[in-house]
Amino acid sequence: MRFDSHMQVLLASAAALVNIATDGAARGRPYRAPRGGELGAALAEALGLPAGQVLAEGEIARLGRTAGALREVFEALAGGRTDDAAEALNALLDANGARPQLDKFETEGGTGEWRVHFHGRDDSFAVGWSAGCATGVAMVLGGGLAGRLGVCAATGCDRVYADASRNAARQFCSTACQNRTKAAAFRARQAR
């Protein structure tokens, strides 16, 4: 499945928010999300802020809440609870005032390019990203592609992913978890 580039960015960002800002397990080990300024720096990097730009405490808190709500959506979908996922997603869309809008960006030729965003011009950075990520996930769910969103199948990992592969066969958050799982299966077969 090929998502357009903007959709790909929104889905990757949604997964990154969840994976960075929510506690759980990652690659077979307990994972504790960074706190305070460390979380702000991690979120800024994940969402592509220029180096050195700092998020305000309120922005960090909003993005943290968004990450928690998106985790609920990913986990509900992984558990086959689509109605619960849709309900949580609708609440997130509403809380961030998600709405489509075209914004013009200048290009090298100076002609400008129109891009669709899902927040108002005066919304904060955190509201913009929260609305955009929620809308991206909603487009996947509403487009009958909920199976493209998942939680890592590796033992000891609950990080999430958005599957953009052609065959929709992704089961792991990373190659590290896939390799770890394959190695464990190989060792188990050899022990028999």
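As the structure is a prediction and not an experimental result, all values here were calculated from the model. Residue numbers run from 1 in the order of the sequence given.
- Formation of a donor-acceptor pair under 3.5 Å by the R115 side chain with backbone atoms of E113 is not found in this model.
- Residues passing the side chain to side chain donor-acceptor pair (under 3.5 Å) test with H119, sequence neighbours excluded: none.
- A continuous path of hydrophobic side-chain contacts links L10 to V116 [ILVMFWY only; heavy atoms under 4.5 Å].
- In this structure, CE in M7 is found 9.5 Å from CG in L145, a value given to the nearest 0.5 Å.
- Rounding to the nearest 0.5 Å gives a distance of 5.0 Å between OG of S130 and CG of L63.
- With sequence neighbours excluded, no residue forms a side chain to side chain donor-acceptor pair (under 3.5 Å) with T135.
- Checking side-chain atoms of R148 against main-chain N and O of D163 turns up a donor-acceptor pair under 3.5 Å.
- For the atom pair R159 CZ and F172 CZ, the distance stands at 16.0 Å (nearest 0.5 Å).
- The two residues P34 and Y31 come nearest to each other via the heavy atoms CD-OH, 3.5 Å.
- In the hydrophobic cluster analysis, where Ile, Leu, Val, Met, Phe, Trp and Tyr join through side-chain heavy atoms closer than 4.5 angstrom, L49 is grouped together with I20.
- Sorted by first and then second residue, the side-chain hydrogen bond (donor to acceptor under 3.5 Å, both in side chains) pairs with a member in residues 173-190 read R27-S174; sequence neighbours excluded.
- Side-chain contact between S13 and V9 is present, with at least one heavy-atom pair separated by less than 4.5 Å.
- Pairs engaging residues 77-96 under the side-chain hydrogen bond (donor to acceptor under 3.5 Å, both in side chains) rule: R62-N96, R81-D84 [sequence neighbours left out].
- The neighbour count for Q101 CD, taken as heavy atoms of other residues, nucleotides or ligands under 6.0 Å away, is above 12.
- Hydrophobic cluster membership is shared by L55 and W129, with clusters built from Ile, Leu, Val, Met, Phe, Trp and Tyr side chains linked at under 4.5 angstrom.
- Taken from CG in N19 to OH in Y161, the straight-line distance is 11.5 Å, to the nearest 0.5 Å.
- The stretch residues 40-60 participates, sequence neighbours left out, in these side-chain hydrogen bond (donor to acceptor under 3.5 Å, both in side chains) pairs: E59-S124.
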Give every donor-acceptor pair under 3.5 Å between a side-chain atom in residues 67-78 and any protein atom, sequence neighbours left out.
{"unit_1": "R71", "atom_1": "NE", "unit_2": "T22", "atom_2": "OG1", "d": "2.9"}
{"unit_1": "R71", "atom_1": "NH1", "unit_2": "E75", "atom_2": "OE2", "d": "3.2"}
{"unit_1": "R71", "atom_1": "NH1", "unit_2": "D158", "atom_2": "O", "d": "3.0"}
{"unit_1": "R71", "atom_1": "NH2", "unit_2": "T22", "atom_2": "OG1", "d": "3.2"}
{"unit_1": "R71", "atom_1": "NH2", "unit_2": "D158", "atom_2": "O", "d": "3.0"}

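- R170 and A162 get closest at one heavy-atom pair: NH1-O, 3.5 Å.
- Side-chain atoms of D123 do not come within 3.5 Å of backbone N or O of G128 as any donor-acceptor pair.
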